[in-house]
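As the structure is a computational prediction, the values presented were derived from the model and not from experiment. We count ligands from 1, going down the list as the structure has it; atoms in each ligand are counted the same way.
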Amino acid sequence: MKILVVNAGSSSLKYQLLDMENEEVIAKGNCDRIGIGGHVSAKTGDGRKYEADCDFPTHTEAFEKLVEILTTGDTKVIDSMSEISAVGHRIVQGADIFDHSCIVTDEIIDQIDALAELAPVHNHPHALALRACKKVIPADCPQVVVFDTAFHQTMPPKAYMFGLPYDVYENYHVRKYGFHGTSHRFVSSELAKAMGKDVKDLKIVSCHLGNGSSITAVDGGKSVDTSMGFTPLDGVVMGTRSGAVDPSAITYVEKKLDLSPSEMSEYLNKKSGFLGVSGVGSDNRDVQQAANDGNERAKLVSDMLVYEIQKYIGSYAAAMNGLDAVLFTGGIGENSWEVREGVCTNMDYFGIKIDKELNRSVRGKLIKISTPDSKVEVWIVPTNEELLIARDTLALVNANK
Ligand code: AMP
């Protein structure tokens, strides 16, 4: 069975075609610059590559190109789209309407589109892609939607409510939703497998650290709290996002710099975080390098990240009344020994002790980095959101046969 996984943004369409017999990637690529030109880069599992400038006025033309790449020329991997059993789409915001993945209907596409108010950058392009995809796949090929927010729908009200007047929750759905749910769900279940335990018996703090970062308390396989909030801006300091800031500081800066609300939003989302504090850049590698070279502000923001993660681990151990394992995933979590070592230093009170030498020598693979006498196990668990989307898609298609 072959499953196509799609991650559509406002100007891009990333895809992976997976063979679910062995869960291997047959082809992947990105149709980019939709609406502002067009460019495609594609690669097959056996290493064939294709790159070209194109004309992508809308997502429909990008999907047409995707079909052409998969079925013809040097990058051909299938004879026709009828070989694809289903398409799984990543959807950022499902709000409190969607607590699990589901097979797409026209009504569901409309609901996803209507949630654009809560996720303007993401949900409308997702709806456009769902409609465009329908035009290029056979009529009997189901589409499935997998929501970043769904995993966090198990949070109790005391975790997801803000201390704002209740009517903004009732009238405008203002609450914590959490994000990266597909990743947190995938890595926490992979970790349980690696530990030889049932995820239902584990209390895990899952640290997804990348350009965007979120920390989640996973108790018995369920998200009970998470650091991102109403939008992916909340929580720890990120590449260009501020993370949590006293709300009064925001209105104060808005006034001082004479910014409009949308300019302030841009300031918090695009100009803050590693970039804003260090002045070096948004990429952790550049910031780390600058810190190693003696740049004080780069060192400061690296220390801030580590300290904030440590505080989340402490507060989530309290929220779950226990802690069995901490896992690191995402570009930073999987690759940066410095961040992992920083987070796991001076955490003896929690029973966290890592093998420093081992931690420094490994990256990007599933491995335990805690010492045998560490009360809490610490692991690197590579994430694979596309695989989870493909697995959910396959399961739903099989269940509906
Ligand atoms: P992601 O958003 O998950 O793709 O992660 C992107 C982040 O991971 C960027 O800040 C990168 O600097 C960071 N990253 C990727 N590779 C490494 C590495 N080898 N060492 C440190 N950070 C890395």
Side-chain angles (χ1 to χ4, degrees), residues 5 7 9 12 14-16 25 28-30 32 41 43 90 92 121-122 148 151 178-188 190-191 206-216 226-228 231-243 269-293 295 297-306 308-309 327-344 354 356 358-367 369 379-389:
V5 175
N7 183 356
S12 69
K14 295 198 188 98
Y15 69 89
Q16 276 194 16
V25 177
K28 64 179 184 180
N30 187 11
D32 214 357
S41 58
K43 206 172 152 187
R90 174 195 177 217
V92 166
V121 184
H122 294 105
D148 275 6
F151 183 57
F179 297 87
H180 288 146
T182 315
S183 175
H184 289 298
R185 177 154 70 99
F186 179 80
V187 289
S188 51
E190 290 296 297
L191 173 63
S206 171
C207 307
H208 179 116
L209 312 174
N211 214 7
S213 299
S214 69
I215 324 285
T216 296
T226 191
S227 62
M228 281 180 171
T231 70
L233 180 58
D234 204 359
V236 297
V237 65
M238 297 171 239
T240 59
R241 285 173 246 169
S242 61
N269 277 288
K270 302 267 168 69
K271 297 183 180 159
S272 301
F274 291 177
L275 174 68
V277 177
S278 72
V280 170
S282 63
D283 192 291
N284 174 63
R285 283 164 291 202
D286 300 336
V287 174
Q288 192 67 57
Q289 186 58 53
N292 294 346
D293 294 344
N295 182 310
R297 277 163 46 187
K299 170 90 173 70
L300 170 65
V301 81
S302 303
D303 289 349
M304 284 165 65
L305 174 67
V306 162
E308 288 169 12
I309 299 168
L327 73 84
F328 292 97
T329 194
I332 298 175
E334 291 169 36
N335 293 299
S336 169
W337 65 262
E338 292 95 337
V339 171
R340 293 192 303 261
E341 184 174 302
V343 170
C344 297
I354 58 162
K356 283 194 180 176
L358 174 66
N359 176 50
R360 288 180 179 213
S361 67
V362 288
R363 58 188 248 208
K365 66 173 186 181
L366 179 67
I367 189 165
I369 54 168
W379 287 73
I380 302 171
V381 185
T383 193
N384 192 338
E385 290 162 89
E386 290 79 11
L387 180 55
L388 186 80
I389 293 171

Paired with F274, the side-chain contact (heavy atoms from CB on, under 4.5 Å) test is passed by just one of D286, V280, N284, namely N284
Hits for side chain to side chain contact (heavy atoms under 4.5 Å, CB included) against D303, two or more places apart or cross-chain, chain-then-number order -> K299
Applying side chain to side chain contact (heavy atoms under 4.5 Å, CB included) to K270 and not counting sequence neighbours gives E266
Would you say that H180 contacts D148 through its side chain, given a criterion of any heavy-atom pair below 4.5 Å between the two side chains? no
4.5 Å side-chain heavy-atom contact, F186 and P382
no
Distance filter under 4.0 Å, heavy atoms only, around ligand 1 gives G210, N211, D283, N284, R285, G330, G331, I332, N335, S336, R363
So the salt bridge (charged side-chain N to carboxylate O under 4.0 Å, His left out) pairs with at least one residue in residues 329-343 (sequence neighbours excluded) are E341-R360
